[in-house]
There are 2 protein chains.
Amino acid sequence: MSADLTRNQALVMKTLSGAEAPLSAYTILDRLRGDGLRAPLQVYRALEKLTELGLVHRLESLNAFVACAHPNCHEQELIAFAICEDCGKVEEFSDDVVKDRLDGWTRSHGFRPAKTTIEIRGNCGGCAGKA
Amino acid sequence: MSADLTRNQALVMKTLSGAEAPLSAYTILDRLRGDGLRAPLQVYRALEKLTELGLVHRLESLNAFVACAHPNCHEQELIAFAICEDCGKVEEFSDDVVKDRLDGWTRSHGFRPAKTTIEIRGNCGGCAGKA
DNA sequence: GACACAAATGTTATGATATTACACATCCTT
DNA sequence: AAGGATGTGTAATATCATAACATTTGTGTC
Ligand SMILES: [Zn+2]
Ligand SMILES: [Zn+2]
Ligand SMILES: [Zn+2]
Ligand SMILES: [Zn+2]
């Protein structure tokens, strides 16, 4: 189960869970120096494992990481992210129609998909109003 | 028009157009040292302009750049990329249904989208067969 | 417990990607 | 010619990520 994380994994997970916005690996490292972490690799290794477990997602367009918003987000399904460039808030959603359309394209083109990234950058409702 | 590129912009554009796979900014720089380019910024500035013009796309999941496959790819439309992790080939396509679904989500959530990234990593038909 | 194996850790160094700051040149409009 | 917008050259620095190696910890088997 996801309960038996190692010390470093748990530290990184706690940091991401408590964050209001995506964090870079180095930001995580800085927040964990007080807990004894010293090298980027300690964070990257934990992130790799947490991502495998589906507890953390990497945002490619940000080079940053975010805790999964769902209780048990299965890796299988296609996840889309809406990322606010002002406040950093990330919303995570999935859409079967989008998944079907992309699956249709890959199937008809003989493309074998491994991982799909959908990231919408912009402004969330709160921040768009303020503009 | 797109014809009056500056020297550096034209050099970068030519390099990307002739490439078989996406190139990183530093790879472009290395290929253009013979033409007098010396600093990363010369490449990044050209890439920024070319991206604005819609002649080049940035692949977020690769931190790399690719020449637009379409004659006149308007920035407006939503573009998806299928990227082969073996041979590097990139196919560019768009899908109105996907666009509508994502637009629907953002509209209903008050999210104002600025830029959307869709990247499918995997293996192209040619490479998937060889596996 | 002793052993063997897999997984995780600690540490140093290095590689790869991207931007800031500043001085100068070029082009275009008035 | 003056002014502004855009592009250029250069050095320095910031940010993101991995390689290599030695060591430790957890886990299952005997
Ligand atoms: Zn999730
Ligand atoms: Zn916001
Ligand atoms: Zn295009
Ligand atoms: Zn291929």
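Everything numeric here is computed off the predicted structure, so don't read it as measured data.
Looking at heavy-atom distances under 4.0 Å, A:A25 makes no contact with the nucleic acid at all.
Ring geometry for A:F93 versus B:W105: interplanar angle under 30°, hence parallel rather than tilted (30 to 60°).
Distance CG (A:L23) to C1' (D:dT15): 15 Å, rounded to an integer number of Å. A straight line from CG of A:L41 to C1' of C:dT14 spans 12 Å, rounded to a whole angstrom. One interatomic measurement links the two molecules: CG of B:L47 to C1' of C:dA18, which rounds to 11 Å at whole-angstrom precision. Following rounding to the nearest Å, B:L62 (CG) and D:dC16 (P) show an atom-to-atom distance of 18 Å. The interatomic distance linking A:L32 (CG) with C:dG10 (C1') rounds to 15 Å, in whole Å. In this structure, the CD1 atom of B:I28 is 16 Å from the P atom of C:dA16, given to the nearest Å. At whole-Å resolution of the value, CG in B:D4 and P in C:dT26 are 18 Å apart. When rounded to the nearest whole Å, the span between CG of B:L5 and P of D:dT6 equals 16 Å.
For A:P40, the listed nucleotide lying nearest its side chain is D:dA17; candidates were D:dG7, C:dT19, D:dA17. In this structure, the nucleotide among C:dA8, D:dT8, C:dT19 sitting nearest to the side chain of A:Q9 is C:dA8. Picking from C:dT17, D:dA17, C:dA21 the nucleotide with the shortest atom distance to the side chain of A:Y44 gives D:dA17.
Each of B:N8 and A:F65 lies near DNA chain D, and the nucleotide nearest B:N8 is the one positioned closer to the 5' end.
Ion pair A:E52/A:K49 flagged as a salt bridge, since at least one NZ, NE, NH1 or NH2 atom sits closer than 4.0 Å to an Asp/Glu carboxylate oxygen. Salt bridge annotation for A:E60-A:K115: present, with a cationic side-chain nitrogen under 4.0 angstrom from a carboxylate oxygen.
B:E91 and A:H109 are not linked by any side-chain donor-acceptor pair at a separation below 3.5 angstrom, with hydrogens and angles left out of the test. B:R58 and B:T51 share no side-chain donor-acceptor pair at under 3.5 Å.
For D:dT6, the OP1/OP2 oxygens have no side-chain nitrogen or oxygen of B:K49 closer than 4.0 Å. Between A:S24 and D:dT15 there is no side-chain polar atom (N or O) within less than 4.0 angstrom of OP1 or OP2. An OP1 or OP2 oxygen of C:dT9 is reached within less than 4.0 angstrom by no side-chain nitrogen or oxygen of A:Q42. Between C:dA18 and B:N63, a contact under 4.0 Å exists linking OP1 or OP2 to a side-chain N or O. Between B:T6 and the phosphate of D:dT6, there is no side-chain N or O to OP1/OP2 separation shorter than 4.0 Å. Between A:R38 and C:dT11 there is a side-chain N or O to OP1 or OP2 distance below 4.0 Å. The phosphate of C:dG10 (OP1 or OP2) has no side-chain N or O of A:R7 nearer than 4.0 angstrom.
At most 12 heavy atoms of other shown residues, nucleotides or ligands fall within 6.0 angstrom of atom CG in B:D96.
An aromatic stack links B:Y26 and the base of C:dT17, using centre distance under 5.5 Å and interplanar angle under 30°.
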